[in-house]
Structures are given as C-alpha cells and as structure tokens.
Amino acid sequence: MTQISLTFPDGNARSFDAGVTPADVAADISNSLAKKAISATVDGEHWDLAWPIKTDASIAIHTLKDEAPALELIRHDFAHVMARAVQEIWPDVKVTIGPVTEHGWFYDFDRAEPFTPEDLGQIEAKMKEIINARDPVRTEVWDRERARQFYMDNGEPYKVDLVDRIPEDADIRMYWHGGWQDLCRGPHLQHTGQLPADAFKLMGVSGSHWFGDVTKNLQRISGVGFRNREELKAYMTFLEEAEKRDHRRLGREMDLFHMQEEAPGQVFWHPNGWTVYTTLQDYMRRKQRKGGYQEVNTPQVVDRKLWEASGHWEKYQHNMFIVEVDESRDGENDDATVRNKEHTRINALKPMNCPCHVQVYNQGLKSYRDLPLRMAEFGSCARFEPSGALHGIMRVRGFTQDDAHIFCTEDQIQEECARFIDFLEDVYRELGFDDFEIRFATRPEKRVGTEESWDHVEGALENAIKAVGRDYVLEPGDGTFYGPKLDFYLTDAIGRVWQCGTFQVDPNLPERLDANYIDSDGDKKRPFMLHRACLGSFERFIGILIEEHSGKLPFWLAPRQVVVASITSEADDYVAEVVDALTAVGVRAEADVRNEKINYKVREHSVGKVPVILAIGGREVTERTVSLRRLGEKQTRTVALDDVVKELGDEALAPDLR
RNA sequence: GCUGCUGUAGCUCAGAGGUAGAGCACUCCCUUGGUAAGGGAGAGGUCGAGAGUUCAAUUCUCUCCAGCAGCACCA
C-alpha cells in the first residue's frame with residue numbers, strides 16, 4: 001500500500017495509507033476527536049470526512065468550534081434536511097437548489113399551492129424528526145448520463161437541468177440520507193444528528209425564478225441556522241435591533257420624510273429631513289468645487305428626440321416617465337387628457353443627466369486645453385422603476401444624483417479615475433464610512449469598441465484602484481456595452497448591499513451626440529466621457545447614513561442639534577438667550593419651555609435623537625451656565641454659556657470646514 | 001413586473017356579517033418639577049379604493065392601488 005504524508009496545522013507530519021479518510025485520521029488521533037469531527041480542510045479545500053485522500057497534503061480536522069467550516073456545513077445540511085422534510089410531507093413537490101446564505105440557507109421548490117406560515121411549522125417539526133433519526137449521510141460519484149437518467153426517471157426536471165449545467169470536468173456527486181436523495185458537491189456532516197435541532201428557524205416563504213427565468217416561478221423557503229441555541233438567539237436579537245435602525249422607521253420617528261400612495265417611490269421631505277439633505281448637499285458642493293468641478297443645471301422635461309439620439313429611448317423607454325403635451329391646446333376649456341395627436345410632443349422626464357451635459361459641453365468649441373472638463377450637477381432624475389423594486393428611500397422613482405461627467409482624452413482616464421477614488425474615499429471617510437466595497441466590472445460579451453481600446457481603458461481603471469491600495473472585487477463581463485466601470489457599495493442595517501458611488505468610462509455617448517474638441521494638432525477629436533457619482537443619490541445615501549448611525553447622525557448633520565430645555569418657567573428668558581447665542585454661531589438650536597418635567601423633556605428629545613440637550617434651571621440662570629447632556633450618555637456637565645457656544649459652534653462645522 | 005403576505009385613529013396594534021376599540025402621540029386643565037414617561041379630562045376613524053354577494057359588508061368574493069419579503073430589473 002502506498003504511503004502518503006499528511007501535515008497537521010502544528011507542522012507535524014505523519015504517514016498514512018493512501019486513500020485514508022479524514023475520519024480515519026481523526027480516529028487515529030483520539031476517540032473524542034473522531035466523535036466531534038465534522039469535516040476537514042485538505043490542501044485548502046473543504047473536505048468531507050468520508051472522502052479519501054490520495055496524495056501528500058496538509059490537513060486540519062474541524063469540529064463545531066471552527067466557526068466558518070462548521071456554519072458552512074450546518075447550513076448546507078439544514079438545506080438538505082429541509083428539502084427532505086418538504087418532500088416527505090408533499091411528495092409531489094419538485095426540488096431545485098438550496099445554497100447557503102450569510103446567516104442560513106434557502107431552498108427553492110416548485111409546487112402548485114403556496115406554502116403557508118402553518119406549513120413552515122410543520123416543516124420545522126419534520127426537520128427535527130429527521131435530525132433526531134441520526135440518518136447517516138452517504139455520497140457517491142456518478143457518471144453524468146446515469147445521474148441524468150436517474151432524475152428523469154424520478155421526475156425531477158430541475159435536477160436534470162442542473163446535471164446539464166455542471167461543468168464537463170466536475171464530478172457529479174450524489175447524496176443520500178435516510179431514503180432521500182439530492183445532487184450535491186458536498187462536503188457534508190456524517191449524519192443528520194450532527195445538526196443542532198434547537199439552533200435553526202425557518203424565516204419565511206418568498207418567490208424566486210429558476211436561473212433568472214421569469215416564466216418559472218418557484219417558492220423559496222429560507223431559514224437561519226447556527227451552531228447552538230445561543231447563537232440563534234443572538235441573531236434574532238440582532239434582527240430586532242436592525243429593525244429599529246431601519247431608515248423607514250427612523251424617517252417617521254425622527255420626522256425626516258414620508259411617502260404616500262399618490263407618489264409611489266418619491267419622497268416628501270419634511271423640515272428635519274430636508275435639513276439633512278441640504279446640509280449634505282452644501283458639503284458636497286464645497287467638496288466638488290475644491291475638486292475642480294463646475295456645477296451646471298439642466299432641464300427636467302426633455303423631448304424624446306434627445307433620448308433617441310443618445311440611444312436611451314430604444315433601451316429604456318419603458319422605464320421612463322413620459323410627458324405628452326398637446327401643444328395646440330389654447331383654451332381653459334380643453335380637457336388635458338385629450339390630445340391632438342398631430343400637435344402632441346412626447347417628452348421624457350430625464351432619467352439621467354449625461355445627454356444634457358453633452359448639450360452643455362457642445363455649446364461653443366472646446367479645445368484640448370479645456371480637458372479634462374469636469375461638469376457636475378445635483379441632477380434630479382425620474383425613472384419608472386418596477387413596483388417590486390421600490391424600497392423606502394433607497395430605491396425610488398424620483399431622486400437626485402450627485403452626478404458629474406468628465407470630458408477627457410483616453411490618456412487622462414487613469415489620472416481622473418485615481419482622482420475620483422481619492423475624492424470618494426475622502427468624502428466617505430468624512431461621512432463615517434471607512435468600510436465600502438469596490439467592484440470592478442469589465443468587458444461584457446456584447447460590446448462595442450476595439451480590443452486594444454478595452455485593454456487600455458480597463459488597464460487604466462485597474463492601475464487607478466491599485467494606486468490607492470484598496471481591495472476590489474472583480475466582476476468579469478459586468479461592464480456596460482461601451483466601457484468598464486467601478487461601483488462602490490455600502491451596507492444597510494441588515495447587511496443588504498447598495499450601490500452608491502460609480503465611475504464609468506464611456507466613449508459611446510460623445511460619439512452619438514457628436515461631442516468633440518480641437519486637439520493640439522488642430523484636428524477635431526472625440527473626447528471620452530466619464531460618468532461618476534460619489535454618493536450616488538441623496539435619497540439612497542441618506543437612507544444608508546440613517547441606518548449606519550441608527551439615526552444618531554453626527555452633530556453637523558443632525559437636523560435638530562440642540563434643545564434648550566427649561567426646568568422651571570423662571571428660566572424661560574435665559575433659555576431664549578442661550579438659543580439665540582447658539583443660533584448666532586450656526587447651531588440648530590430650539591427652546592423647549594413647555595410646562596413639562598425635565599424627565600419628560602429629556603426622554604422625548606432622546607427618543608427624537610437630538611444629540612445635545614441643555615437643561616436650564618434656577619442655578620444655571622444665576623451662574624450663566626448650562627447643564628449639558630449628550631445623547632446616549634447618562635452624566636451631565638455644567639458648562640459656562642460662552643464655552644458651550646464655542647464648543648457646539650465648532651462641532652456644528654462640516655468636517656471640511658474644521 | 002413575478003410569487004406570497006399585509007392594509008382599521010398620527011404611530012403600534014386588537015376586533016367581529018348588524019356601520020368600531022386599546023396604549024402612546026395630540027388638545028385643555030391641575031402640577032414649577034433637576035436629567036429617559038406626574039395626574040385628570042377631551043377630541044380624533046368613508047376600517048386603502050371600486051364593484052359584487054347579502055335585508056345588512058370595514059368583515060365574504062372579485063378588480064385595482066399602495067406597502068412588506070424575496071426574485072427579476074437597476075442607464
């Protein structure tokens with residue numbers, strides 16, 4: 001028998017017969033390890049305890065203590081056990097796929113009747129039965145045709161499709177526990193009893209589609225699963241906390257904005273929310289000015305001709321708000337819904353700013369000396385987003401981008417890209433986001449332009465990201481048909497990621513809209529256009545900002561910064577004086593001289609997320625001080641009026657002005 | 001847009017085939033109280049919209065609208 005050498009994490013190596021399994025190795029080390037073992041990592045690959053090892057390798061045996069592999073395995077097998085439970089209860093249900101997710105798993109089923117909440121309870125109970133049965137898991141590698149035939153015979157069309165989707169060189173691994181079978185590459189636990197029956201919960205049913213095919217509706221049951229009950233409990237607590245941070249809830253509680261049926265996907269900003277919005281906008285305007293951008297403003301209602309010329313009409317007309325105007329209308333008696341076709345002009349609310357910016361660029365001749373030309377707009381756009389896509393103020397139909405387009409030469413792209421990443425990093429940091437993800441989307445299959453040009457432009461972006469020393473995720477084939485892009489992602493309260501910033505290279509639109517410049521050699525040339533947004537849209541970014549801070553916005557952004565609260569009515573005059581002094585240095589301060597106890601006022605303004613409460617009673621009046629209390633802190637501080645005005649005045653400055 | 005669920009007072013929710021309730025918030029009165037809810041009284045609803053079944057619909061059925069979760073989409 002051939003011997004192989006296995007190296008353990010501590011560096012020691014031992015020799016075993018070739019074909020030894022990690023289960024054998026664990027048993028060889030100790031009885032208790034053999035019992036506790038759940039999987040192994042062999043040469044960096046997550047390995048089933050039952051799979052043979054045939055060559056020299058490094059090995060680490062995992063138990064439940066090893067969080068990452070343990071959770072991976074548990075969730076994976078929960079998915080299988082759930083699918084089995086479903087098929088045992090409803091044998092006519094077709095199974096599809098059931099991957100592991102961030103906190104659990106889901107499994108998609110094809111079943112004519114909808115699953116109900118009561119069904120979920122029944123499934124959970126059945127899952128516990130299966131776990132208690134401690135059915136051993138068995139896997140076999142099968143020949144592709146045999147597996148295909150097997151699923152044909154068993155009436156599992158989705159599995160047949162899956163077999164066909166498995167790459168040529170990959171093994172087809174069949175998996176059983178009890179009498180139940182699935183197709184799965186593994187690895188797996190050794191028996192169903194290794195699953196913690198008290199550490200999972202089915203979270204709900206939703207719809208899904210088979211590999212993006214909208215004609216095939218499936219039902220997705222998702223669950224969360226952990227190593228033990230405590231971890232599950234901690235997760236449920238996290239969910240409750242996250243719900244309190246939801247921007248839709250805080251938007252109401254803090255009186256920031258509302259939305260209503262008559263304007264789905266559009267925001268009614270209240271005074272508090274609009275203060276946040278305009279404060280952020282003022283900040284961005286200063287940053288952009290310093291960054292070498294010129295600000296412009298362009299029309300909302302634009303004739304379809306421009307969208308046809310830009311190419312957007314063809315591709316996106318169904319997602320545009322169309323405004324038809326009968327220009328022959330002349331009298332007050334005309335019914336606005338009746339149109340004289342001949343004289344009707346079809347416009348679209350602008351869904352994006354770029355074509356308009358090219359119109360501004362195209363006014364007058366441009367020289368190579370004008371490039372790079374950075375044109376910014378807080379551009380209000382409208383897109384008829386599918387109803388199911390709307391989500392609070394994060395995904396809306398009316399929004400304002402902090403948009404800009406940089407007209408430049410191909411050679412300037414890298415420098416402009418690096419500049420932009422610096423700009424964005426600086427802004428995100430000042431707004432409290434050190435943590436964001438960059439995704440680099442490269443040339444798709446269907447594209448325009450030469451390979452040399454793609455090589456050059458992709459290279460420019462890649463060099464620019466590398467220059468700032470940040471990690472990025474490569475998304476091959478996800479670029480637009482005309483150029484590669486970088487997208488910048490932030491995370492909301494429950495971990496959903498949202499695209500905020502973006503940077504796209506576009507040689508196409510200048511071509512379509514005939515933008516050009518006179519080069520140093522006197523020839524007319526075509527500029528590149530770089531589309532970029534830093535926050536993305538004010539709506540989405542403010543949504544993220546609210547969730548990130550749980551509503552406790554940094555002082556300079558907080559809509560209500562200071563409440564000056566009287567303790568007795570004798571303090572009222574002095575309260576007014578304090579409010580005036582703070583207002584004079586740019587602090588948003590308000591008086592609360594209502595006939596209420598200080599406890600009541602402190603509670604109310606704390607709930608309202610006001611960062612600073614200044615309480616004023618008889619003592620403060622005589623001493624000309626204030627009693628300062630910060631949100632989230634229990635202790636108070638007595639500060640002289642002049643000092644508090646200075647302190648809060650400084651704090652009210654935006655980070656770029658300090 | 002698709003699948004499923006939801007829609008009752010400003011908010012969170014209860015309710016039943018015979019035209020509505022609680023807590024908080026709101027208004028007024030009493031209370032001038034020292035850092036997260038003092039006490040009392042009052043006002044407030046076309047039960048998302050429309051149609052149907054019924055003697056009778058907020059309740060049952062259908063259609064539409066909006067919201068929620070996921071999918072699909074996201075220039």
Side-chain angles (χ1 to χ4, degrees), chain A residues 101 106 108 111 113-117 203-222 246 248-249 252-253 255 258-265 307 310-320 350-355 381 383-392 394-397 399 401 480-482 485 487 494 496 498-499 502 504 506 508-509 531 536-537 540 565-572 593-608 613-620 627-638:
Chain A
T101 59
F106 64 77
D108 287 350
R111 178 186 181 221
E113 303 76 44
F115 289 109
T116 65
M203 300 300 280
V205 189
S206 59
S208 67
H209 299 115
W210 179 244
F211 282 91
D213 179 352
V214 293
T215 65
K216 287 208 183 106
N217 277 305
L218 303 174
Q219 297 185 67
R220 171 169 302 181
I221 303 180
S222 39
D246 190 305
R248 291 164 296 189
R249 175 176 173 153
R252 190 174 56 239
E253 290 176 354
D255 197 12
H258 85 272
M259 303 175 91
Q260 65 185 50
E261 263 189 54
E262 289 78 1
W307 308 112
S310 70
H312 292 106
W313 185 262
E314 196 193 349
K315 208 167 166 210
Y316 291 111
Q317 58 175 298
H318 299 296
N319 292 310
M320 291 190 194
K350 74 172 165 184
M352 54 182 351
N353 308 297
C354 11
C381 298
R383 295 181 186 175
F384 188 74
E385 300 285 8
S387 56
L390 303 179
H391 181 93
M394 304 271 231
R395 182 86 182 265
V396 284
R397 288 182 174 162
F399 55 94
Q401 299 174 315
T480 64
F481 71 91
Y482 49 74
K485 60 175 182 167
D487 287 323
I494 60 168
R496 285 181 288 219
W498 295 88
Q499 187 212 310
T502 187
Q504 298 177 25
D506 181 6
N508 182 58
L509 199 59
H531 309 252
S537 80
R540 176 174 297 181
S566 59
I567 295 169
T568 72
S569 53
E570 281 153 28
D572 289 2
V593 293
R594 290 174 304 168
N595 177 14
E596 294 292 350
K597 295 211 156 116
I598 191 64
N599 288 350
Y600 182 91
K601 294 182 184 181
V602 165
R603 177 184 148 77
E604 183 175 291
H605 299 123
S606 298
V607 168
I613 298 171
L614 302 180
I616 307 232
R619 270 207 305 279
E620 286 77 14
S627 166
L628 183 151
R629 177 189 170 114
R630 290 203 180 250
L631 183 59
E633 292 177 13
K634 269 216 103 56
Q635 71 277 27
T636 59
R637 209 155 43 97
T638 302

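- Here A/Glu113 pairs with A/Arg111 under the salt bridge (Lys or Arg N to Asp or Glu O under 4.0 Å) rule; sequence neighbours left out.
- A/Lys216 is linked by a salt bridge (Lys or Arg N to Asp or Glu O under 4.0 Å) to A/Asp213, counting only residues two or more places apart in sequence or in another chain.
- Stem list for RNA chain B (at least 3 consecutive Watson-Crick or G-U pairs, distances under 3.5 Å): B:1-7 with B:65-71, B:10-13 with B:21-24, B:26-30 with B:38-42, B:48-52 with B:60-64.
- For A/Arg630, the salt bridge (Lys or Arg N to Asp or Glu O under 4.0 Å) test picks out A/Glu647, A/Glu651, with sequence neighbours left out.
- Contacts of A/Glu620 classified as side chain to side chain contact (heavy atoms under 4.5 Å, CB included), with partners at least two apart in sequence or in another chain: A/Tyr574, A/Ile616, A/Thr625, A/Ser627.
- Remark: A/His209 engages A/Val214, A/Asn217 in a side chain to side chain contact (heavy atoms under 4.5 Å, CB included) (not counting sequence neighbours).
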Task: Nucleic acid footprint by protein, nucleotides 69-75 of chain B - heavy-atom cut-off 4.0 Å, B for base, S for sugar-phosphate alone - done: BBBBBBB

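- Residues satisfying the side chain to side chain donor-acceptor pair (under 3.5 Å) criterion with A/Thr636, sequence neighbours excluded, are absent altogether.
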Task: Reading 5' to 3' through nucleotides 40-47 of chain B, protein heavy-atom contacts under 4.0 Å coded B for base, S for sugar-phosphate only, - for none - done: --------

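- Partners of A/Arg629 under the salt bridge (Lys or Arg N to Asp or Glu O under 4.0 Å) rule, at least two apart in sequence or in another chain, do not exist in this structure.
- Along RNA chain B, the nucleotide closest to A/Lys634 and the one closest to A/Lys601 are compared, and the more 5′ of them pairs with A/Lys601.
- With sequence neighbours left out, A/Arg249 forms a side chain to side chain contact (heavy atoms under 4.5 Å, CB included) with A/Glu243, A/Lys244, A/Asp246, A/Arg252, A/Glu253.
- The side chain to side chain contact (heavy atoms under 4.5 Å, CB included) check on A/Tyr482 picks up A/Val448, A/Thr480, A/Gln504, A/Asp506, A/Pro507, A/Asn508, A/His531, with sequence neighbours excluded.
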